[in-house]
Q: 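Got a structure for you, written out below as C-alpha cells; questions coming shortly.
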Amino acid sequence: MTLKQTRNETPLYIKVHPNDNVAIIVNEGGLPKGTVFSCGLELTNHVPQGHKVALIDLNQGAAIIRYGEVIGHAVQTIVKGSWIDESLVQLPTPPRLEELSIASNVPALLPPLEGYTFEGYRNANGSVGTKNILGITTSVQCVAGVMEYTVKKIKAELLPKYPNVEDVVALTHTYGCGVAINAPDAIIPIRTIQNLAQNPNFGGELMVVGLGCEKLNPERLVPEGDSGKIISLQEHHGFIPMVKSIMEMAEARLDRLNRRKRITSPASDLVVGLQCGGSDAFSGVTANPAVGYAADLLVRAGATVMFSEVTEVRDAVHLLTPRASSEEVGRALIREMKWYDDYLQNGQSDRSANPSPGNKKGGLANVVEKSLGSIVKSGTSPIVGVLSPGERTAEKGLIFAATPASDFVCGTLQLASGINLQVFTTGRGTPYGLAVAPVIKVSTRNSLAEQWHDLIDLNAGRIATGEATIEEIGWEIFHLILDVASGRKKTWADHWGLYNDLALFNPAPVT
Ligand code: CA
C-alpha cells in the first residue's frame, strides 16, 4: 500500500496495489478541484472521501484497476486527476465458474500461536460458550406474542434468582406455518432453527415452544424427538397456564445453567464469524485487512474462523479457489457460488443488486470492488471447509460458510453454524448486534469512530491516516476477541442491549 503523506490535513490518497491506476481519497469531506498531491497529481474536480481518483489518463474501455484486479472498464475517456464515480465504471463479467483454478496455490500454514486462552463455558459436546444464555426455540411465528410476554416475565421474576445466567432469548422467527415444508430448499430454514438451538452459548439446554398445528413439527427440532422438551400451546386451557408451563420448564434449565462457571479454555475453542455491513471504499484497506490479520492469528491459535456473504465473494472467487486446501473443498466453494447464481437468476435478479446506495456513496463503484475489499477479511490461510447455509461443523481453521450478505440473515446463519463471537466491520455505520453472541464492531474510518464513539468497539481508520499498521490493529482485534469472549469486556451492542431480530434464509416457497 502506498500512503501519500501522513498527516490528515495534507492531501492524502491510498493506492492499494502497485498495478492500480486509481486510488481513494483519505481526507474527511473529500478534496477540492486544484488540490496537488506531493507526487504532483492534481485533482481536476472535487473528489469525495473514499472515492476514486484516476492516477493516469484512461481511454474509453480501459481497465480500471484496484487491488491489482480489474474492477471495471471506463465508460468514457477519464483524464488523470479526475473523480471516477460509479457511473463511469462498467461492470465486468464475473469469473466463469467452469474455468477456476482449484487448490493450485494453497498457502503454507503459518507457525502455530501457542499460549492464548479465554474464560469460557465448556459444554458437554466439547464446544465452549462465550455467554451463558437460556435459549428457547420456537417452531412457528404464532407463538411469538406469548414468548415476548413470557420472556419479559422470566427476566423480571426468575432471572434475578440465577445471577450466573446472562440472558433469556426466545428464538422467534417468521417460519413454521404456510410453508412448503417438503420443498428441497426448505431444508435451509429447518436446519437453521435446529442448529441455532445448538449454539454453544446456550449450554445444551434445549426447550421448544410450539403451537400444535404448524407444518414444522416441533419434534423435528429436538434431536431425539424428546417430547419432554416441547410445550404445545394448543394443549393448554387458557393463556395463564401456557405461561406457567413455559416458566416451569425455563426455571429447571436456568437452575442448571446457573451452576456453570467460566473456565480457562484454549483460544482454539473460539468459533469466530466475520461479516461486514455498510461497507465503504475504506473497508478493503483498513478494517478488513486488520480483521484478516486477526483471522490468521486465530487460525494459527487453532480456532475456527468463518467468512460468508456469497454475493461479496462471487466476483473475487478466482482469488479464493486456489486457496482451497483440496479439490473437494474447491468444488464445494464453486457449488455454493453456482447455487447462488441460480437463486438470483430464478428471482430475475443479478449481482448488480449489491452494492447498496450507501456503499456507492461511500465510494464503492460496484460489487467487484466491494468483493475485492470484502474477501481480505479471510486473511491468508488455506480454506479448509465449506458449509451450506445453516450447516454446522466442528472443523478448525478457515471455513467459508455460505450465506446471503444481508447482515441479520448472515448473522442468524453464522449463529446456526456455531459461532460463539462475531467480528463485524462497517464503514457507513450500523448499530447491528446479536443477542446470542457478542458482536465486535470495527470501524473503517476515524470519522465514524468519532461520530459513533459509543457504538464502535475498535477503530481501524487509524490505518488510513498512518497512525497504526494493519498488524497492530490486527493484534488489537485478536486481544479484544479474547477479552470479550471471557466476559472481561463488553461490546457496545451488549452494553446497550442492541439486538437485531433473527432472520431466517428461506429460499423455498411460502404457501
Ligand atoms: Ca453483511
Side-chain angles (χ1 to χ4, degrees), residues 188 192 272-284 286-292 294-295 305-317 320 336-337 340 343-344 349 351-364 366-379 387 389-390 399-417 419 421-445 448 452 455-458 460 477 491 493 498-507:
I188 294 177
T192 303
V272 176
L274 309 177
Q275 212 206 143
C276 46
S279 298
D280 64 6
F282 285 107
S283 299
T286 60
N288 289 349
V291 167
V305 177
M306 290 182 191
F307 72 113
S308 296
E309 303 176 287
V310 173
T311 49
E312 288 165 19
V313 161
R314 175 66 180 88
D315 280 272
V317 71
L320 294 176
E336 293 305 324
M337 298 297 123
Y340 220 92
Y343 169 69
L344 287 177
S349 188
R351 68 210 226 285
S352 67
N354 189 346
S356 72
N359 294 150
K360 289 180 181 171
K361 209 172 162 213
L364 292 173
N366 60 32
V367 71
V368 180
E369 186 177 14
K370 190 174 176 181
S371 299
L372 291 166
S374 173
I375 63 157
V376 183
K377 287 198 297 299
S378 68
L387 299 178
I399 309 272
F400 179 72
T403 76
S406 160
D407 296 350
F408 0 94
V409 180
C410 171
T412 303
L413 287 167
Q414 285 192 350
L415 288 172
S417 294
I419 60 161
L421 188 144
Q422 194 182 55
V423 178
F424 187 100
T425 66
T426 184
R428 306 292 300 160
T430 163
Y432 169 85
L434 298 169
V436 180
V439 176
I440 294 173
K441 286 205 287 292
V442 181
S443 150
T444 71
R445 290 177 295 124
L448 175 65
W452 278 16
L455 288 167
I456 297 294
D457 298 295
L458 202 144
I477 294 169
T491 64
L498 306 180
Y499 303 131
N500 287 102
D501 290 342
L502 294 171
L504 294 180
F505 180 41
N506 177 28

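All values below were derived from every heavy atom in this structure, side-chain atoms included, with hydrogens, water molecules and symmetry-related copies excluded. We count ligands from 1, going down the list as the structure has it; atoms in each ligand are counted the same way. Keep in mind the model is a prediction, meaning the values are calculated, not measured.
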Q: Compute whether any side-chain donor of one residue and acceptor of the other, for Gln275 and Ser308, lie under 3.5 angstrom apart.
A: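 Judged by distance alone, the side chains do not pair up.
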Q: Let me check your reading of the structure: within less than 3.0 Å of the Ca ion (ligand 1), is there an N/O/S atom from Gly277?
A: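 False for Gly277.
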Q: Please answer whether the main-chain N or O of Cys410 pairs with a side-chain N or O of Asp407 as donor and acceptor at a distance below 3.5 Å.
A: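 No, Asp407 side chain to Cys410 backbone: no donor-acceptor pair under 3.5 Å.
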Q: Under 3.0 Å from the Ca ion (ligand 1), is there any N, O or S atom belonging to Cys276?
A: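 Within the cut-off used here (under 3.0 Å), Cys276 does place an N, O or S atom near the Ca ion (ligand 1).
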Q: Rounded to the nearest 0.5 Å, how far apart are OG1 of Thr412 and CG of Asn500?
A: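 Interatomic distance, Thr412 OG1 to Asn500 CG, rounded to 0.5 Å: 8.5 Å.
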Q: List the steps and the verdict of side-chain hydrogen bond (donor to acceptor under 3.5 Å, both in side chains) for Ser283 and Asn288.
A: CA-CA 6 Å; Ser283 299; Asn288 289 349; 4.8 Å; no
Q: Rounded to 10°, how big is the angle at the Ca ion (ligand 1) from Ala405 O to Gln275 OE1?
A: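 Vertex at the Ca ion (ligand 1): approximately 90°.
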Q: Report the C-alpha separation of Phe505 and Tyr343 in whole Å, then their side-chain angles, then the decisive distance to 0.1 Å, and conclude whether the ring-ring contact (aromatic ring centres under 6.0 Å, His included) test is met.
A: CA-CA 12 Å; Phe505 180 41; Tyr343 169 69; 5.4 Å; yes
Q: What's the atom name of the N, O or S in Glu309 nearest to the Ca ion (ligand 1)?
A: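 Going by distance to the Ca ion (ligand 1), the closest N, O or S atom in Glu309 is OE2.
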Q: If you check every N/O/S atom of Asp407, which is the one nearest the Ca ion (ligand 1)?
A: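 Result for Asp407 and the Ca ion (ligand 1): OD1.
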